[in-house]
Amino acid sequence: TVEQGGGMAGTAHAAADRQAALQHLRLEQAMATALERSEFQLHLQPIVRLRDGRPAGFEALIRWIRPDGSRVSPGEFIPVAEQSELIYVLGHWIIRESCRCLAELDRQVPGAAAFLSLNLSLRQFDDPALFPVLEAALADSGLDPRRLRLEITESMIARDADATLQLLQRCKALGAKLSVDDFGTGYSSLSYLQRLPVDCLKLDRSFIGELETSPAAARIVGAVARLAHDLGMETVAEGIETPGQAARCRELGVDYGQGFHWAPALPLDRAAQLLSRDQAA
Ligand code: C2E
Ligand code: MG
Ligand code: MG
Ligand code: MG
């Protein structure tokens, strides 16, 4: 084949690989510098209780805002961080900052008692400091651990069921809740739902986007909501962008919604504002 044969195509291939590796290395170095220069922020996207339309919690989403105001999307830099030890350092920062943000929301809006959902990446389960950092962040912030939700993906569950079970049980032992992110997009078997201590399923936005046009998508969302309830779990619909999608999710028995229909991820002060307006109303 061309690849094995080398020659022109092989050289072009190698050059492209080198280019990609360089780009990767540059991004990795830029991230390390960005951490030192505090260019990362956690923004909070409201998660709304569909029954009454009130904000019940937030998902912490990392933002990298460069000094010139330009942004790098997490979809771009998280996978790079995951390929190095950087995800550990970044992960620790995300955990501490999540707890700090939740405590700060409490200070600014007493009595709101929102929950906060934070994303864990697969590689963080290999981090020996993960649990000590979680414990310390919870203790330092004085938060009720039940208000913290750890989002994991189906791919984290799929890789090694027994090892994952142990890790998830440690998360539960901290008192935190567990959510399965992007539910329905992984290729894992549903049987894990009866073995793993999951509290919440977050329906991937690909289903929500088709809700008003595809009867099949609506059936799937309804069936997942029923299944979750039968198993004592809650559901969040991700990526709700229209009033129609919000109404449909509510009719289908989904507990919470999240999406641009309400708000994107907001800086802490704007999230606090949203909470306090709701408290006042
Ligand atoms: P995710 O955890 O599934 O997060 C939801 C993504 O959907 C976010 O993108 C959010 O801004 C976006 N979103 C929310 N509402 C809507 C909507 O109505 N329509 C559309 N089209 N999109 C919506 P974002 O912030 O770019 O993050 C992308 C992914 O990067 C996240 O997917 C998550 O996997 C990862 N990520 C983000 N922050 C963190 C973090 O702090 N730690 C880790 N490990 N991963 C993170
Ligand atoms: Mg998430
Ligand atoms: Mg998600
Ligand atoms: Mg998603």
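When a ligand or atom number is given, it counts from 1 through the structure's own listing order.
Ligand 1 places these atoms under 4.0 Å from at least one heavy atom of I94: 40 (C), 41 (O), 42 (N). Under a 4.0 Å criterion applied to the non-hydrogen atoms of S121, ligand 1 contributes the atoms 44 (N). For ligand 1, the atoms closer than 4.0 angstrom to any heavy atom of E241 are 17 (C), 18 (O), 19 (N), 20 (C), 21 (N). Under a 4.0 Å criterion applied to the non-hydrogen atoms of D181, ligand 1 contributes the atoms 1 (P), 2 (O), 3 (O). Contact atoms of ligand 1 toward E59: 2 (O), 4 (O) (distance under 4.0 Å to a heavy atom of the residue).
Checked against side chain to side chain contact (heavy atoms under 4.5 Å, CB included), Q23 has the following partners two or more places apart in sequence or in another chain: R26.
The CG atom of N119 lies 11.5 Å from the CD1 atom of I95; values are rounded to the nearest 0.5 Å. For the atom pair C249 SG and D255 CG, the distance stands at 11.0 Å (nearest 0.5 Å).
The list of side-chain hydrogen bond (donor to acceptor under 3.5 Å, both in side chains) pairs with a residue in residues 263-272, not counting sequence neighbours, reads Q108-D269. Applying the ring-ring contact (aromatic ring centres under 6.0 Å, His included) test to pairs two or more places apart or on separate chains, those with a residue in residues 28-81 are F40-W64, F40-F77, W64-F77.
In this structure, the side chains of L203 and V236 stay at 4.5 Å or more apart for every pair of heavy atoms. At a threshold of 4.5 Å between non-hydrogen side-chain atoms, the residues P55 and L274 count as touching. Inter-residue side-chain proximity for L201 and L193 is flagged as met; some heavy-atom pair is nearer than 4.5 Å.
Near-neighbour remark for the Mg ion (ligand 2): protein N, O or S atoms under 2.8 Å are E59 OE2, N119 OD1, E151 OE1, D181 OD2; waters not counted.
Note on ligand 1: E238 sits in its first shell, one or more heavy atoms being nearer than 4.0 Å. Residue G239 places a heavy atom under 4.0 Å from ligand 1.
The shortest N or O to N or O distance between R63 and ligand 1 is under 3.5 Å. Not one N or O of G259 is nearer than 3.5 Å to an N or O of ligand 1, by distance alone. Between I87 and ligand 1, no N or O atom pair is found at a separation short of 3.5 Å. At least one N or O atom of Q45 sits closer than 3.5 Å to an N or O atom of ligand 1. Residue contacts with ligand 1: R205 is placed with a nitrogen or oxygen under 3.5 Å of a nitrogen or oxygen of the ligand (distance criterion only).
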Exercise for the section: Please report the C-alpha distance between R49 and D52 in whole Å, then the side-chain angles of each, then the deciding distance to 0.1 Å, and finally whether the salt bridge (charged side-chain N to carboxylate O under 4.0 Å, His left out) criterion is met. Expected result: CA-CA 6 Å; R49 199 183 293 109; D52 56 14; 3.2 Å; yes
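Counting all heavy atoms, side chain and backbone alike, L50 lies closest to V254 at CD1-O, 3.3 Å.
Side-chain atoms of R147 come within 3.5 Å of backbone N or O of A114 as a donor-acceptor pair. Remark: side-chain polar atoms of S155 are not paired, donor with acceptor, to backbone N or O of G186 under 3.5 angstrom.
Counting only non-hydrogen atoms, the option in I240, N119, T242 that gets closest to atom 45 (N) of ligand 1 is N119. Of all the listed residues (P46, P74, S117), P74 holds the heavy atom that lies closest to atom 24 (P) of ligand 1.
For D182, every heavy-atom contact with ligand 1 shorter than 4.0 Å involves the side chain, none the backbone. Neither the backbone nor the side chain of K202 has a heavy atom within less than 4.0 Å of ligand 1.
Partner of D199 under the salt bridge (Lys or Arg N to Asp or Glu O under 4.0 Å) criterion, out of K177, R146, K172: K172 alone.
Using modelled atom types, one finds no donor on one side chain facing an acceptor on the other under 3.5 Å when comparing Q245 with H261.
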